There are 2 protein chains.
Amino acid sequence: MSSSPAQRERRDRMLKAAMKLAAEGGYDAVQMREVADDAGVALGTLYRYFPSKVHLLVAALSSRFEQAEAITERRPILGDTAHERVMKILAGTTVSLQKQPQLTEAMVRAFMFADASVLGEIEQVGDRLTRMIARAIAGSPDHGEATEEEAAIIRVIADVWMSALVAWANGRSGASEVEKSIDVAVRLLLPD
Amino acid sequence: MSSSPAQRERRDRMLKAAMKLAAEGGYDAVQMREVADDAGVALGTLYRYFPSKVHLLVAALSSRFEQAEAITERRPILGDTAHERVMKILAGTTVSLQKQPQLTEAMVRAFMFADASVLGEIEQVGDRLTRMIARAIAGSPDHGEATEEEAAIIRVIADVWMSALVAWANGRSGASEVEKSIDVAVRLLLPD
DNA sequence: CCAAATAATAGAACCTGTTACAACTTTTGG
DNA sequence: CCAAAAGTTGTAACAGGTTCTATTATTTGG
């Protein structure tokens, strides 16, 4: 049941190959046969690890957020108000995602396109995002229990952020509008 | 350049066929060959009108919002506060969409999956949504110019609503959570 | 009304995600 | 160490979105 080192490496290679292809050509360029080839595994193996292209790309997004989350875990987040701290985290992550537009496009579109069968991976992404925002609000790495109201606010902020990324990914809006959207939402939802 | 009555009818038949299939089986059940058959047109004709399955389904969403918008245009929206009025419109539309879960799933997923080539249709949907919310805020059918801040707030509300629909469409959340999400966002963004 | 342009049709072909399967390799429990 | 189980491979086949083409209406400008 648990995975051997060889299996972890295989999984990494597949994810890495997918992200490389995505970074170069976006969603459409991530072709399952090519991912398998580049990762040096058989097509069937790729499908054993990731039941579909969407699973694969959402897993990639999750791993990307894992990094982002790790950063916020290391040290307290700077900023005097919850607003400032949340913006610091989200704007920072946004900028980092925007450095690889095609990769972001691929992952975000997969995330939004995902159906019920991808629930596990989707919730993983959602949970990571929730924890990041919760920490930013609290201002410290340890997560005090969020109230129901706080949880709802966090969900709204996460929704706005993902939607803004979608709009950016498909060319509807520019980088500055993404930041603007988040800023409005955060400012109004988390008044100083 | 302009379209003849026959063409409008053809377009309607194709949209209707797509929506029927979607209503019965969701996104996957909308198969282009079958849409063409059911609409009584050749596959090539379907593609002449709608360059892709996503275009087709986003156009369907747009037509659905057109109805919703028409309703809000007819009479002033009831409710004492902007919050009440916006909730009335959005919750009402949500309930109506939820009566055909599979159709909604198909349209919403297409909308979120859409790439840059669908920009026109996407903006149409966005504009309709924006106008509806703006009217609900204003409380009357005539649209006073929205301030920049109002526009940003409207965008955030629309984002939250679409995200909530996505979560509902793929089974992550139930009907009540959709309403809850919107309510939190609207309450905080549009304090009485 | 006619010729050119435009639209529609039927059908095959193509591409890529997904599935199926038979042979082979690695891991695991005893 | 061995047999069973689980994992991997390579390849073929299938499915549905999309493209292409030759042919046949239909529309339109003169």
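All values reported here derive from a predicted model rather than from experimental measurement. Side chains are part of it too, since the values below use all heavy atoms of this structure and drop only hydrogens, waters and symmetry mates.
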Just call it for A/V30: base, sugar-phosphate, or nothing, with non-hydrogen atoms closer than 4.0 Å on any strand. sugar-phosphate
Whole angstrom is fine here: how far is it from CG in B/D115 over to P in D/dT18? 10 Å
Using a strict cut-off of less than 4.0 Å between a Lys/Arg side-chain nitrogen and an Asp/Glu carboxylate oxygen, indicate whether B/R187 and A/E149 qualify as a salt bridge. yes
When rounded to whole Å, the CD to P distance for the pair B/Q7 and C/dA7 reads 7 Å
Mind checking A/Y49 for me? I need base, sugar-phosphate or nothing, with any heavy atom below 4.0 Å counting as a touch. sugar-phosphate
Proximal nucleotide (of C/dG17, D/dT18, D/dT9) relative to the A/Y47 side chain: C/dG17
Quickly work out the B/K53 NZ to D/dA15 C1' distance and round it to whole Å. 11 Å
If I take atom CG in residue A/L46 and atom C1' in nucleotide C/dG17, what distance separates them, rounded to the nearest angstrom? 11 Å
State whether B/Y27 and B/R109 meet the cation-pi test: NZ (Lys) or CZ (Arg) under 6.0 Å from the six-membered ring centroid, and within 45° of the perpendicular axis. yes
By nearest heavy atom, map A/A6 and A/L43 onto DNA chain C; which one lands nearer the 5' end? A/L43
Atom CG of A/L56 and atom C1' of C/dT16 are separated, to the nearest Å, by 15 Å
Spacing between A/E34 atom CD and C/dG17 atom C1', to the nearest angstrom: 14 Å
Could you state the atom-to-atom distance from CG of B/D37 to C1' of C/dT9 in whole Å? 12 Å
Lys/Arg-Asp/Glu bridge criterion (N-O < 4.0 Å) met for B/R131, B/E73: no
Nearest-nucleotide check on DNA chain D, A/R33 vs A/R10; residue mapping nearer the 5' end is A/R10
Does the pair B/E69/B/R135 count as a salt bridge with the N-to-O cut at 4.0 Å? yes
Over how many whole Å does the gap from B/R13 atom CZ to C/dT9 atom C1' extend? 13 Å
